[in-house]
Amino acid sequence: MITEEIVHVNGMPKKLVVFLHGYQDCAEHIERKTIELQKINNIAFHIPQAPFVNEVDISKRQWYSIHQFDPDDKRRGAVSWDEFVDFYNRMTVGLVSANYYILQYVDGLLNEYNLSYEDLFLCGFSQGATCAIYGGLMCPHKIGGVISFSGILAAKGFLENHSKNKPDCLLIHGKSDEKIKFEALDFSAKNLNELGCKTEVFGIDDLAHKISPLAVDRAVEFIKKRY
């Protein structure tokens, strides 16, 4: 179970925003980067701490092991785009496992606030973004939206055969990202559109693998449009 979290409640919650941190990351880092999201009127903003200690740095967390699927970090030196994507498709088992914890957590929050799935926005950074995309597509009911910061649609083949819903999606990515390549933006958008999701993209010049204030502002706009 997910037992650690950071919570900001602003007014009487009409929407629930859940933000999933990245690999070798933590909830505190996300809290510092998402101040403007926390200020949206009438939301509950939750940052859960992943239940697993990170395999590289025991002071950090992970939603699933990366080294189980890519023990030598070869994906970062992948010669072709297909080779790069293949590493993320291998992570299907990790995403299935992570989503088990995330879905239980989300269900508990929706019950707590007496909200429905359409009031839920699932956000994430890096590994958390892959989990958010996967979770939105595999959720038993359509949610309000998915926001991916520097993520990628992983488990492509599995989702093509088993996805349950078609949430609206916003994909935000830095054009100077060297960890999850900027090409992931178009790749993910193309596949999400083919799965039936209305997908918006937002590329940011000179941004590496980070969450920027401009990215957060775009996410705020996406959520407010859906109130």
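Values reported hereafter were calculated over all heavy atoms of this structure, with side chains retained and with hydrogens, waters and symmetry mates removed.
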* Transitively linked via ILVMFWY side-chain contacts under 4.5 Å: Val79 with Tyr88? -> no

* **Separation of Lys166 NZ from Lys142 NZ (nearest 0.5 Å)** => 9.0 Å

* Structure fact -> For Gly174 and Phe182, the nearest pair of non-hydrogen atoms, with its separation, is O-CD1, 3.5 Å

* **Ser97 side chain vs Val93 backbone, donor-acceptor pair below 3.5 Å** => no

* **Salt-bridge contact Asp73-Arg75 (side-chain N to carboxylate O under 4.0 Å)** => yes

* Asked: Is it true that a side-chain atom of Asn42 and a backbone atom of Met12 form a donor plus acceptor pair closer than 3.5 Å?
  -> yes

* Asked: Ion pair present between Lys224 and Glu221, side-chain N to carboxylate O less than 4.0 angstrom?
  -> no

* Asked: Taking only residues two or more places apart in sequence or in another chain, which ones pass side-chain hydrogen bond (donor to acceptor under 3.5 Å, both in side chains) with Tyr105?
  -> Glu5, His46

* Heavy-atom side-chain contact between Gln62 and Ile66 under 4.5 Å -> no

* Asked: Mind checking whether Ile102 and Cys131 have side chains closer than 4.5 Å, heavy atoms only?
  -> yes

* Asked: Any ion pair linking Arg90 and Asp70 (charged N to carboxylate O, less than 4.0 Å)?
  -> no

* Sub-6.0 Å ring centroid separation between Tyr101 and Phe52 -> yes

* Structure fact -> dist Thr130:OG1 -> Ile180:CD1 (nearest 0.5 Å) comes out at 7.0 Å

* Asked: Mind checking whether Ile40 and Ile223 have side chains closer than 4.5 Å, heavy atoms only?
  -> yes

* Are Glu4 and Arg61 ion-paired here, with the side-chain N under 4.0 Å from a carboxylate O? -> yes

* **Side-chain touch Tyr134/Ser163, heavy atoms, less than 4.5 angstrom** => no

* Would you check if the side chain of Asp72 reaches a backbone N or O of Lys74 as a donor-acceptor pair within less than 3.5 Å? => no

* To do: Could you tell me whether Lys175 atom NZ has more than 12 heavy atoms of other residues or ligands within 6.0 Å of it?
  => yes

* **Crowding at NZ, Lys15 (>12 non-hydrogen neighbours, <6.0 Å)** => yes

* Asked: Is the number of heavy atoms from other residues, nucleotides or ligands under 6.0 Å of Asn114 CG greater than 12?
  -> no

* **Positive for ring-ring contact (aromatic ring centres under 6.0 Å, His included) with His209, one of Tyr23, Phe149, Phe125** => Phe125

* Asked: With a cut-off of 6.0 Å (strictly less than), are more than 12 heavy atoms of other residues, nucleotides or ligands near CD of Glu118?
  -> no

* Asked: Looking at CG of Asn193 and NZ of Lys198, how far apart are the two atoms once the value is rounded to the nearest 0.5 Å?
  -> 11.0 Å

* Asked: Can you name the closest pair of heavy atoms from Ala215 and Ile172 and give their distance?
  -> O-CD1, 3.4 Å

* In the single-linkage hydrophobic clustering (I, L, V, M, F, W, Y; side-chain heavy atoms under 4.5 Å), do Phe222 and Val18 co-cluster? -> no

* To do: Output yes when a side-chain donor or acceptor of Asn10 lies under 3.5 Å from a complementary backbone atom of Lys39, and no otherwise.
  => yes

* Residue Lys210 excluded, over 12 heavy atoms near NZ under 6.0 Å -> no

* Between CG on residue Leu192 and CG on residue Leu171, distance to nearest 0.5 Å -> 6.0 Å

* To do: Check whether any side-chain heavy atom of Ile143 sits under 4.5 Å from a side-chain heavy atom of Asn165, and report yes or no.
  => no

* Structure fact -> d(Gln104 CD, Asn99 CG) to nearest 0.5 Å is 10.5 Å

* Can you tell if the side chain of Leu120 reaches within under 4.5 Å of the side chain of Leu115, non-hydrogen atoms only? -> no

* To do: Answer yes if Tyr100 and Leu122 sit in the same cluster of Ile, Leu, Val, Met, Phe, Trp and Tyr residues linked by side chain heavy atoms under 4.5 Å apart, and no otherwise.
  => yes

* Between Lys181 and Phe84, is NZ or CZ placed under 6.0 angstrom from the six-membered ring centre and within 45° of the ring axis? -> yes

* Asked: Is it the case that Gln127 and His21 place a side-chain donor and acceptor less than 3.5 Å from each other?
  -> no

* How far apart are the closest heavy atoms of Pro167 and Val146, and which atoms are they? -> CG-CG2, 4.0 Å

* In Å, rounded to the nearest 0.5 Å, how long is the span from NZ of Lys156 to CG of Asn161? -> 10.0 Å

* Show the numbers, then the answer: is there a side chain to side chain contact (heavy atoms under 4.5 Å, CB included) between Phe19 and Glu31? => CA-CA 9 Å; Phe19 203 119; Glu31 182 185 33; over 6 Å; no

* Report yes or no: do Leu109 and Ile147 belong to one cluster of Ile/Leu/Val/Met/Phe/Trp/Tyr joined by side chain heavy-atom distances under 4.5 Å? => no

* To do: Report yes or no: do Asp57 and Ser59 form a side-chain donor-acceptor pair below 3.5 Å?
  => yes

* Asked: Cut-off 3.5 Å, side chains only: do Asp119 and Tyr227 have a donor facing an acceptor?
  -> no

* Any side-chain heavy atom of Trp63 sitting closer than 4.5 Å to one from Pro51? -> yes

* Asked: Judged by atom type as modelled, is there a donor-acceptor pair below 3.5 Å linking the side chain of Glu183 to the main-chain atoms of Trp81?
  -> no

* To do: Begin from the C-alpha positions of Leu137 and Cys197 and carry the test side chain to side chain contact (heavy atoms under 4.5 Å, CB included) through to its verdict.
  => CA-CA 9 Å; Leu137 289 165; Cys197 302; 3.5 Å; yes

* To do: For side chain to side chain contact (heavy atoms under 4.5 Å, CB included), just list the numbers for Tyr113 and Asn111, CA-CA rounded to whole Å, side-chain angles, deciding distance to a tenth of an Å, and then say yes or no.
  => CA-CA 6 Å; Tyr113 292 110; Asn111 287 332; over 6 Å; no

* **Distance-minimising heavy-atom pair for Pro48 and Ala27** => O-CB, 4.4 Å

* Donor-acceptor pair, Thr34 side chain versus Leu37 backbone, under 3.5 Å? -> no

* Should Glu194 and Lys190 count as an ion pair when the cut-off is N to O under 4.0 Å? -> yes

* Given the rule that I, L, V, M, F, W and Y join up when any side-chain heavy atoms are under 4.5 Å apart, are Phe121 and Ile211 in one cluster? -> yes

* So do Phe45 and Val9 actually touch side chain to side chain, heavy atoms under 4.5 Å? -> no

* Is a side-chain donor or acceptor of Gln49 paired with a backbone partner of Cys26 at a separation under 3.5 angstrom? -> no

* Structure fact -> When every non-hydrogen atom of Ser126 is compared with those of Gly22, the smallest separation belongs to CB-CA, 4.4 Å

* Kindly give the heavy-atom pair with the smallest separation between Ala219 and Leu170, and that separation in Å. => CA-CD2, 3.9 Å

* Let me see the working for Lys60 and Asp25 under side chain to side chain contact (heavy atoms under 4.5 Å, CB included), right down to the final yes or no. => CA-CA 5 Å; Lys60 304 296 183 182; Asp25 200 357; 5.9 Å; no

